[in-house]
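Note that the coordinates shown come from a computational prediction; the quantities given were computed from them, not determined experimentally. Read the numbers this way: they start at 1 and go in the same order the structure lists the ligands and their atoms. Atom set for the values below is all heavy atoms of this structure, side chains included, hydrogens, waters and symmetry mates excluded.
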Amino acid sequence: MYLKGPSPQHHDGSGLRVAIVHARWNETIIEPLVAGAKEKLLAAGVKESNIVVQSCPGSWELPIAVQRLISASQIQSNTTGAPSATDLLAASTSDLTSLSTSSSSGPFDAVIAVGVLIKGETMHFEYIADAAVHGLMRVQLDTGIPVILGILTVLNEEQAKARAGVDGKGHNHGEDWGSAAVEMGVKRQE
Ligand SMILES: O=Nc1c(NC[C@H](O)[C@H](O)[C@H](O)CO)[nH]c(=O)[nH]c1=O
């Protein structure tokens, strides 16, 4: 039996469209987390063109960035090649450099929200963590689109590195989030 992480399941992600929305605080940790999630999406058969990555300033902005992306993606667009309505709207909430223009468009089957909150000297950490987590839960229940919780809430940089698999230590939790997105995306289509 498995301790901690979910027992693995195999799901075919070839028909899925998935977004990864990441905060830009603590990017040395964010980067491997996003890479780990994307790696698992691709390994499950999700097409590169069906993976949209965008960013927002911090974890506090994740709920609104995810909600706006989901809303925009539900506006069907037939554009191919050029940025879809989803991408153009998303660009207004993120820097263009982080935008990957997917050739496909249409609703997302799952969204992974990635952020790294590291406890500082004040209560700021607690308030952001609480608001972001509850906000993301509300977005997924309001929209019916699975939002995978990819926010690390850690007490120090060492804990963050261990959960991003940095320096060859620990396990990259981004991989678990990618697998969860595939499973929940497939189940959403059933
Ligand atoms: O404070 N620390 C952090 C943080 N603060 C910024 C906040 O999310 C928001 O972007 C600003 O308050 C502006 O609204 N955002 C993080 O993702 N991780 C942190 O560790």
**Prompt:** Can you tell me which residue and heavy atom of the protein come closest to atom 10 (O) of ligand 1, and the distance to 0.1 Å?
**Reply:**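 Protein heavy atom with the smallest distance to atom 10 (O) of ligand 1: E61 OE1, 2.7 Å.
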**Minimum-distance protein heavy atom relative to atom 12 (O) of ligand 1** =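 So the nearest neighbour among protein heavy atoms is H124 NE2, 4.1 Å.
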**Message:** Quick one, I151 with L136, criterion side chain to side chain contact (heavy atoms under 4.5 Å, CB included). Give me CA distance, side-chain angles, the key distance, then yes/no.
**Reply:** CA-CA 10 Å; I151 297 181; L136 292 173; 3.7 Å; yes
**Asked** Relative to the heavy atoms of S59, which atoms of ligand 1 are at a distance of less than 4.0 Å?
**Response**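 Result: 8 (O), 15 (N), 16 (C), 17 (O).
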**Request:** Would you mind listing which atoms of ligand 1 come within a distance below 4.0 Å of any non-hydrogen atom of W60?
**Result:**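 The list of qualifying atoms is 7 (C), 8 (O), 9 (C), 14 (O).
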**Message:** If hydrophobic residues (ILVMFWY) are linked whenever their side-chain heavy atoms come closer than 4.5 Å, directly or via other members, who joins Y127 in its cluster?
**Reply:**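 Besides Y127, the hydrophobic cluster comprises M123, listed by chain and residue number.
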What part of [X], side chain, backbone, both or neither, has a heavy atom within less than 4.0 angstrom of ligand 1?
| X | value |
| --- | --- |
| W25 | side chain |
| V116 | backbone |
| I118 | backbone |

**Request:** Check the angle between the aromatic planes of H173 and W177 and answer parallel, tilted or perpendicular using the 30° and 60° thresholds.
**Result:**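 Perpendicular.
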**Item:** Any N50 side-chain heavy atom under 4.5 Å of V18 side chain
**Value:**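 They are not in contact (no side-chain heavy atoms under 4.5 Å apart), so the answer is no.
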**Message:** Minimum heavy-atom separation for P32 and N172, please, with both atom names.
**Reply:**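 That closest heavy-atom pairing would be O-ND2, 2.9 Å.
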**Prompt:** Is there a donor-acceptor pair closer than 3.5 Å between any side-chain N or O of R163 and the backbone N or O of L152?
**Reply:**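 Here the side-chain-to-backbone pair does not exist.
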